[in-house]
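Data first, discussion second: the structure below is written as structure tokens.
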Amino acid sequence: MTNTLILLSVPLLPMLTALYLLSRRRGRGSYLTPLAALPALAAALTLDAGVTVAYPWLVLGTHMGLDEVGRTFLLIAALLWLAGAVYAQSYLRNDPHRLRFHVFYLLSMAGNFGLILAQDLVSFYIFFSLMSFSAYGLIVHYGLDEARRAGRVYLYLTVTGELLLFAAFVWLAHEGENLSFDGLAGVSGQRGIQWLLLAGFAIKAGIFPLHFWLPLAHPVAPVPASAVLSGAMIKAGLLGWLRLLPPGGEGLAEAGQLLLAGGVFTAGYGVAAGIFQAHPKTILAYSSCSQMGVMTALLGLGLVHPELHDEVVAVLLIYAAHHALVKGGLFLGVGLCEARNRGWVMAGLALLALSLAGAPLSSGAIAKQAAASVLVGHDLLSALLAGATAGTALLMAVFLWRMAGHRMAERPIGVTMWLGWGILLGAVLAFPALAGYREPMSPLAGLLPIYAGAALFALFYLGARRGWFVAVSVPPGDIAGMCERLMYRLREVAERTAYHLSMLKKAWSTAIGDALARWYVRLQNPGAESLLTRWESAGVLYLLIIAALAVALSL
Amino acid sequence: MSWNAMLPLLVVLSPLVPGMLIFGLGEHRHRMRTFLNLSGVSATLMFMGAMVWGVYQGWKMEARFPLLPDFDLVLHADALSVLFASLSSVLWFLTTLYAIGYLENSPHRSRFFGFFSVCVASTLGIALAGNMITFVLFYELLTLSTYPLVVHRGSYDSMRAGRIYLVYTLFSGAVLLMTVVWLQTLAGPLEFARPGLLDGLVQTHRTELVIAFVLLIASLGVKASLMPLHGWLPVAMVAPAPVSALLHAVAVVKAGAFGIVRVVYDLYGVELARGLGLLLPLAVFASLTIILGSVYALYQDDLKKRLAYSTVSQVSYIALGVAIAGPIATVGGLVHLVHQGLMKITLFFCAGNLSETLHIRRVSEMAGVGRRMPWTMAAFTLGALGMIGVPPMAGFISKWYLGAGGVASGDVWVIWVMVASSALNAAYFLPILYTVWFRPPAGEWRERHHRGKWEAHWMLLIPPLVTAGLALLAGLFAASPVSPLAWARIIAAREYGL
């Protein structure tokens with residue numbers, strides 16, 4: 001009973017809090033937002049795996065529960081949302097739209113927690129949509145031109161993703177009855193379904209070429225929202241693949257190869273596009289793309305080699321947890337750059353950046369080592385992983401460099417911002433102890449890629465100083481501009497077609513419709529219509545119709 | 001006459017009698033008219049409740065009045081008729097409330113409410129009709145009783161709309177009547193309760209059956225606004241908001257859609273219709289209407305016109321579900337009859353509130369109106385999200401079942417129709433939501449009345465909130481035994497003998 005209550009309150013409490021905030025004027029009560037994340041933390045820490053609730057009458061039959069994969073995702077998501085909510089208390093203290101922010105924040109939080117607990121297609125889809133659509137409110141929060149552009153691009157891709165997933169889910173559940181994830185193994189053999197799932201979740205996970213909303217949207221949101229977007233929500237795509245592509249299914253090797261290729265490419269592409277960015281938050285967003293690429297590639301490997309799948313899932317959990325905490329911490333740190341003791345902030349950021357790059361004894365080292373352990377025997381992939389690590393080190397160095405010169409609009413720094421950041425920083429520092437060493441880690445193991453990254457950065461720095469890259473400019477969101485121009489062109493074509501169609505239609509309606517109308521009017525004397533609005537005449541006419549019918553029938 | 005036989009008759013008479021009395025009332029007798037309206041509504045709801053219970057229990061409820069040889073006026077209640085009749089009576093109740101608030105102090109109210117009641121009586125008659133002849137009689141009565149409602153304002157635009165409406169509907173009504181009489185001479189009385197009625201004619205009169213089917217669907221398709229016969233609907237949106245609401249959500253378009261359901265399931269039967277190769281063309285026409293209606297909606301700045309084209313598109317979901325003809329798609333089509341009604345009436349109520357309270361008729365004038373009318377626009381948002389198919393709104397359930405039904409029958413393309421239509425729905429509804437909630441207001445609001453305690457007159461505010469709530473509940477508790485979905489499943493199970 002208690003277990004059920006805790007489980008239910010995980011998604012419900014944020015929703016109820018959002019409703020409560022809506023009923024209050026001027027955003028009073030936003031201090032409740034961090035509290036709404038606590039049930040998720042409690043559930044992840046205390047509940048046994050296997051606790052489930054099923055409500056067959058809810059929507060199309062709802063099945064929620066906690067499993068081992070869900071527990072890790074929930075724990076990390078809870079920490080991030082909690083830290084962000086604490087941080088937001090001071091960060092948005094003077095914001096005129098504070099209430100709106102907290103409502104959207106709570107709704108996205110409910111969606112994120114709910115989709116982790118969902119154990120059937122429809123519930124997963126509901127919470128996934130709730131999260132995606134509410135996040136729009138976070139992205140456009142400041143309402144500036146670039147926020148609106150980012151919001152527009154985000155919405156286009158999110159709606160596309162929702163539709164692809166809708167198609168995939170309906171196809172999967174074609175019996176019309178709801179399907180639990182347990183029953184899915186072996187169902188997803190259709191190639192069409194697999195492609196839909198790959199593309200639908202790739203949008204959320206930021207995999208090339210569907211990634212371009214991410215470097216636009218993550219940076220423009222308020223800092224706490226960026227942290228949860230890039231740390232927690234982005235992982236929903238990964239979780240979706242884990243849930244819906246059970247290993248060993250028919251034709252899954254091909255899907256795995258696609259994931260592997262897309263992941264490897266994105267891992268490199270994120271670095272290559274990220275180093276040319278000026279804004280620190282954009283660099284972090286590209287780094288998220290790159291890191292998600294690594295995770296996607298690992299998942300693909302597990303699908304290509306089903307015997308490795310269990311091991312891959314364990315590695316992915318560690319990797320995802322590490323990335324979520326570190327990336328959340330990095331984003332929250334950026335918001336503190338105006339603090340008086342900026343030195344401490346930069347030190348903290350440097351620590352986080354080193355962790356992300358996999359410096360020895362850090363959370364990153366654990367994650368990279370775990371990843372390397374499944375890649376034993378895959379020499380090419382091992383080399384690529386080392387390359388990605390070096391690339392991350394380079395990207396983080398560029399980030400710190402850009403950060404050193406970065407100024408944000410004047411904002412008061414409140415104590416809860418330090419607190420929120422401290423939560424994530426603490427979690428990152430404690431991570432190696434909590435995740436546990438799998439095997440004795442040599443203190444120098446992770447150093448080589450870091451050195452390589454540092455050397456690359458030295459080269460890059462030199463080049464930037466000498467103006468080698470003047471000709472290279474990668475706009476934030478790289479191919480987004482191209483896609484927008486394409487959309488614009490398509491829209492033009494559509495509008496022109498619509499214009500021609502409307503001309504055709506006009507011709508049709510003048511030719512036939514109006515002819516009929518004219519014919520009808522000629523038939524009537526001018527008073528006939530006003531006569532029809534009198535009820536007696538309606539009655540008489542009706543009787544006439546009945547009489548005509550009677551005559552027709554008796555013939 | 002037994003109680004069971006009385007019940008269908010009582011359901012039809014309970015709006016008709018107050019309607020007739022209202023015609024006789026003086027214009028100023030506001031209270032008496034409201035009393036008559038509300039007593040008619042409550043009587044209908046009460047009888048409907050009894051009827052739902054009866055059908056659930058499997059009572060046989062039929063009122064039969066022989067008029068001519070082979071020509072009985074039959075009112076009977078089966079699961080399908082109860083689905084439509086209960087939707088009509090519930091929404092009629094809310095619309096009456098809304099109309100009383102909306103038309104306060106406007107002229108010709110007796111005429112309006114009189115015809116309004118007759119209109120609902122004929123819709124209930126259509127729902128409960130037990131054979132084609134009865135169906136046609138009430139169908140014609142519906143045409144005649146809605147015309148005065150469409151032209152109620154008497155302006156040039158509304159007279160033109162009324163004229164176009166009459167041309168379309170009278171012409172199609174004549175075709176319908178002719179076809180029914182023709183079919184009856186071939187097959188005898190066209191009772192819905194006699195499955196396999198036309199099966200015997202397949203060998204001898206195959207061509208005639210095909211032609212009759214095409215004529216029936218075409219004439220019913222006018223009211224159901226199946227393209228290319230939809231022209232009257234976007235024009236008729238000049239009618240007062242409560243009329244548009246009822247026209248679009250229940251009375252007229254649904255009468256057409258319901259007729260299509262009757263013809264396919266009860267007159268021809270799924271097997272026969274499929275055997276004659278008639279269902280695929282119907283599915284194709286429905287799909288084209290779904291897509292093209294939404295495309296037209298994209299280009300409308302007038303809010304009600306955009307909603308009207310949205311109706312054109314959404315009503316064809318019902319025809320599509322019928323035409324795919326599997327148990328799951330049937331559930332999707334039938335449940336959309338209810339779901340679309342709830343969502344669309346919400347949207348029209350809200351559009352009416354905007355124009356009645358703030359003179360807002362165009363999408364481009366709606367910037368920031370969410371701050372002035374948060375409740376109305378919250379209801380509108382729920383309705384719009386439901387139309388897009390965002391879960392857990394009712395529209396999601398319909399689309400889910402239609403798509404799954406398509407796959408189950410081997411027609412995977414249905415999923416793509418659903419996806420394309422949802423994308424288009426999002427393309428014409430999401431910009432409205434953005435304008436409403438995220439844009440700053442352009443200037444002072446043009447308040448029509450002095451602003452009272454609420455954001456609008458309470459009679460205008462309650463109905464959309466109730467219908468939006470119902471649309472949410474219908475989706476949220478879809479799998480529970482008291483949802484429209486559960487009822488649609490019962491119908492499908494009985495139709496397919498599962």
Side-chain angles (χ1 to χ4, degrees), chain A residues 55-62 122 125-126 129-130 133 137 140 143 148 151 155 159-160 162-164 166-167 169-171 173-178 192 494-495 498 501-502 508-509 513 516-517 519-521 529-530 532-536 538-539 541-542 545-546 548-550 552-555, chain B residues 23 67-71 111 114-115 118 133 136-137 140-141 144-145 147-148 151-152 159 162-164 166-167 171 177-178 181 184 228 231 295 298-299 327-328 331 389-392 397 399-401 403-405 407-408 412 415-416 418-419 422-423 426 430 438 475-481:
Chain A
Y55 296 108
W57 41 266
L58 195 61
V59 196
L60 293 175
T62 301
V122 175
Y125 187 71
I126 291 175
S129 316
L130 177 64
F133 282 110
V140 298
R148 282 175 33 197
L155 209 55
V159 170
T160 311
E162 293 284 321
L163 293 172
L164 296 176
F166 174 80
F169 285 16
V170 168
W171 206 339
H174 71 85
E175 296 306 323
E177 307 302 326
N178 191 15
E495 255 154 32
L501 279 179
S502 74
W508 147 269
S509 62
L516 273 176
W519 163 79
Y520 171 77
V521 172
E529 280 167 2
S530 59
L532 259 181
T533 61
R534 295 172 57 89
W535 71 274
E536 299 92 336
L541 194 58
Y542 187 61
I545 290 178
I546 294 187
L549 181 72
L553 278 174
S554 51
L555 282 178
Chain B
F23 279 129
L67 293 185
L68 288 168
D70 278 353
F71 174 23
R111 182 181 84 192
F115 279 116
V118 176
I133 296 297
V136 170
L137 285 183
E140 294 294 336
L141 185 59
L144 294 175
S145 60
Y147 173 76
V151 301
H152 182 74
M159 294 310 283
R163 197 154 59 228
I164 294 175
L166 265 193
V167 170
F171 196 67
L177 180 63
M178 195 188 73
V181 171
Q184 180 142 353
V295 171
L298 280 176
Y299 295 99
I328 298 168
V331 171
V390 175
I397 307 291
K399 291 187 184 184
W400 182 272
Y401 269 83
V407 180
V412 177
I415 291 187
W416 302 115
M418 291 293 113
V419 165
S422 299
L430 288 183
F438 289 98
L476 202 54
F477 298 107
S480 73

What part of [X] lies closer than 4.5 angstrom to a heavy atom of chain A: side chain, backbone, both or neither?
X: V390(B); result: side chain
X: F477(B); result: both
X: V412(B); result: side chain

Can you name the closest pair of heavy atoms from [X] and [Y] and give their distance?
X: V170(A); Y: A404(B); value: CG1-N, 3.1 Å
X: G162(B); Y: V151(B); value: CA-CG1, 3.6 Å
X: I415(B); Y: G403(B); value: CG1-O, 4.0 Å

side-chain contact (heavy atoms from CB on, under 4.5 Å) against A426(B), all qualifying residues, sequence neighbours excluded | V159(A), I388(B), L430(B)

Can you say whether F133(A) sits under 4.5 Å from chain B via the side chain, the backbone, both, or neither, judging by heavy atoms?
->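 For F133(A), the contact with chain B is made by the side chain alone.
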
Below 4.5 Å from any heavy atom of chain B, which atoms of L164(A) appear? Answer side chain, backbone, both or neither.
-> neither

Taken to the nearest 0.5 Å, the spacing of W57(A) CH2 from L476(B) CG works out to 8.0 Å

